[in-house]
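So the structure is just underneath, and the comments pick up after that.
Along the sequence shown, the residues carry numbers beginning at 1. What you see is a predicted model; the values in this text were computed from it and never measured.
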Amino acid sequence: MADGLDPRDLLQRHIPLLRYDSQEPYFADAASEWTDNPANQLRRADGTVIAAARPAGDQRRLSLSFLGPVRYPNGDTVAHGDRIADSSHDYVAQAHALHAQAHYANRVYGHWATGNDGRLWIAYWFFYFYNDYNLIGPLIKAGLHEGDWEMIQLRLGANGQDPDLAVYAQHRHAEQRPWNQVERVGEQPVVYPARGSHACYFSRGVHWTGDWFDNADGQRPGPGLDLQIVSDTAPADSWTTWPGMWGGTQPPPDDLNPLDDSSPRGPGEHAQYRQPDALLQTAIAHQASLTPPPHTAAPPPAPGITAVAAGKDLHINFDTRVANPAGLVVTVGDLPQSNPPEIHRVPVDGDSGTIVIPGAAADQASVHVSTATADGGASPATTTELS
């Protein structure tokens, strides 16, 4: 590198800053959350258990170090259909319990690779415990899967010292921007993860994906991320190239809902891990083909709300401003707090009224409410202070 700059120094310099949606209950954490979560098991495609976070009998203990590209420590051959599945399914509670432990919380994984033109790319990979499209999955049953890997990457300019281009992954596609058009704080790029699905956006707001709308209001400043650099040669990092699935979710073959997807595979199973130009080409192709949403498509409006504490109970008066509401997504928690907010999904049978959430009231707490519609729509959130 010019002037002796090391990729590790560049990765440290440009650690992203996450600006979560006001309702986001899943923060970017250590991948070891998924291997260490007490309910999780490493299974074959037929359900045979290879290892478990809490092994029974002669089962092996599951950990990041158990994962690798070819063989497991017990001698078993790694198979592409292997997956780490959660037998509990209480995702929010599990994620919050793990995030509360400092050695899991707020992690990003750094990696570098050389493009086809010989230029260096640095990449940042984020692991999220669960993917829940706009947090309406329990109300609509769509856009749900265990485990979630997201990433951004930066291309170094001709001088090898400063980025000249950023590419942010978004679902099955991506978006690119010149470095001088990327929002930054100093040398750190700002990323706006979509609510629940965590696609990486360059700006806050409502984003059309080509199939649905993502909400990313950016009101919840994420805590600073601890960088862990992963290497292609260090044995301790071989988990990055394990070919299995980071979750047990697999929609049936006849599922045509564009929101639905299988649990993801890890960083090393994505082309851009070793060939960073691949994601750039994806971004170029997507931006060339993306058309505006049809005139009949629009996200629901944010609801009108007032929130009052009655003892320990939370009373919310609401007007969804839509004709087909399925329910309300309610999160309780001040925006600057370092932990994700509490979340409640409440079905409603009318466009306005009052809901009561027992035990959800807290002193000096912000309340954030969005609407889920029966056709899979999700509104921006309305924020109010709890009286």
Side-chain angles (χ1 to χ4, degrees), residues 18 20-29 31 33-34 37 39-40 83-99 126-150 169-172 191-201 206-207 209 211-220 222 245-251 255 257-264 299-300 325-333 339-348 357 368-381:
L18 300 182
Y20 296 112
D21 187 88
S22 57
Q23 293 198 291
E24 182 57 60
Y26 302 105
F27 283 10
D29 284 340
E33 281 189 342
W34 199 247
N37 182 49
N40 288 15
R83 62 206 62 188
I84 302 172
D86 186 344
S87 61
S88 170
H89 309 302
D90 189 1
Y91 301 111
V92 173
Q94 293 173 99
H96 284 195
L98 290 162
H99 179 85
F126 314 101
F127 178 77
Y128 298 91
F129 197 87
Y130 195 66
N131 183 105
D132 181 349
Y133 158 68
N134 274 303
L135 309 180
I136 65 173
L139 298 168
I140 305 298
K141 300 300 181 187
L144 301 168
H145 63 73
E146 295 179 349
D148 191 19
W149 278 105
E150 305 292 341
Q170 300 165 354
H171 306 293
R172 295 175 182 171
V191 181
Y192 293 93
R195 181 199 306 161
S197 67
H198 314 121
C200 298
Y201 288 100
V206 179
H207 302 274
T209 71
D211 291 300
W212 65 84
F213 292 96
D214 274 336
N215 286 284
D217 65 27
Q219 292 187 41
R220 189 173 294 282
M245 296 167 58
W246 291 75
T249 308
Q250 197 162 18
D255 185 351
N257 190 329
L259 291 172
D260 291 339
D261 201 0
S262 299
S263 292
L328 300 177
V329 178
V330 180
T331 51
V332 182
N339 294 317
E342 297 178 19
I343 183 169
H344 309 271
R345 271 72 70 100
V346 185
V348 296
I357 305 177
H368 320 272
V369 183
S370 61
T371 303
T373 59
D375 59 359
S379 80

Discussion item. Please determine whether side chain to side chain contact (heavy atoms under 4.5 Å, CB included) holds for the pair Ile84 and Met245, giving the CA-CA distance in whole Å, both sets of side-chain angles, and the decisive distance to 0.1 Å.
Written reply: CA-CA 6 Å; Ile84 302 172; Met245 296 167 58; over 6 Å; no

Validation row: [X], [Y] side chains within 4.5 angstrom (heavy atoms):
{"X": "Pro193", "Y": "Leu18", "value": "yes"}
{"X": "Pro341", "Y": "His368", "value": "no"}
{"X": "Glu342", "Y": "Thr331", "value": "no"}
{"X": "Pro299", "Y": "Val206", "value": "yes"}
{"X": "Asn40", "Y": "Ser87", "value": "no"}
{"X": "Leu98", "Y": "Asn37", "value": "yes"}
{"X": "Tyr130", "Y": "Val92", "value": "no"}

Donor-acceptor under 3.5 Å ([X] side chain, [Y] main chain):
{"X": "Arg345", "Y": "Leu135", "result": "yes"}
{"X": "Tyr20", "Y": "Ala194", "result": "no"}
{"X": "Asp148", "Y": "Pro264", "result": "no"}
{"X": "Ser379", "Y": "Pro300", "result": "no"}
{"X": "Gln23", "Y": "Val329", "result": "yes"}
{"X": "Asp260", "Y": "Pro251", "result": "no"}
{"X": "Ser263", "Y": "Thr249", "result": "yes"}
{"X": "Asn215", "Y": "Ala378", "result": "yes"}

Donor on one side chain, acceptor on other, [X] and [Y], under 3.5 Å:
{"X": "His207", "Y": "Asp214", "value": "no"}
{"X": "His198", "Y": "Glu24", "value": "yes"}
{"X": "Asp261", "Y": "His171", "value": "no"}
{"X": "Ser88", "Y": "Asp90", "value": "no"}
{"X": "Gln250", "Y": "Arg83", "value": "yes"}
{"X": "Gln170", "Y": "Thr209", "value": "no"}

Locate the shortest heavy-atom distance separating [X] from [Y]; write the atom from each residue and the value.
{"X": "Asp21", "Y": "Asp217", "value": "OD1-N, 2.9 Å"}
{"X": "Pro25", "Y": "Pro340", "value": "O-CB, 3.2 Å"}
{"X": "Asp86", "Y": "Ala39", "value": "OD1-CB, 3.3 Å"}
{"X": "Ser22", "Y": "Gln219", "value": "CB-CB, 4.0 Å"}
{"X": "Gly377", "Y": "Ile136", "value": "O-CD1, 3.7 Å"}

Worksheet item: Do Asp132 and Arg195 sit within salt-bridge range, that is, some charged N less than 4.0 Å from a carboxylate O?
Response: no

Could you tell me if the ring centre of [X] sits under 6.0 Å from that of [Y]?
{"X": "Phe127", "Y": "Trp246", "answer": "yes"}
{"X": "Tyr201", "Y": "Tyr192", "answer": "no"}
{"X": "Trp34", "Y": "Phe129", "answer": "yes"}

Worksheet item: Rounded to the nearest 0.5 Å, how far does CD1 of Ile140 lie from CG of Asn134?
Response: 10.5 Å

Worksheet item: Passes side chain to side chain contact (heavy atoms under 4.5 Å, CB included), Tyr128 versus Ser197? Steps please.
Response: CA-CA 9 Å; Tyr128 298 91; Ser197 67; over 6 Å; no

Discussion item. Let's go through Glu33 and Gln94 carefully: what are the C-alpha distance in whole Å and the side-chain angles of both, what is the deciding distance for side chain to side chain contact (heavy atoms under 4.5 Å, CB included) to 0.1 Å, and is it a yes or a no?
Written reply: CA-CA 9 Å; Glu33 281 189 342; Gln94 293 173 99; over 6 Å; no

Item to complete: Assess whether side chain to side chain contact (heavy atoms under 4.5 Å, CB included) is satisfied between Asn131 and Leu144, documenting all intermediate values.
Response: CA-CA 6 Å; Asn131 183 105; Leu144 301 168; over 6 Å; no

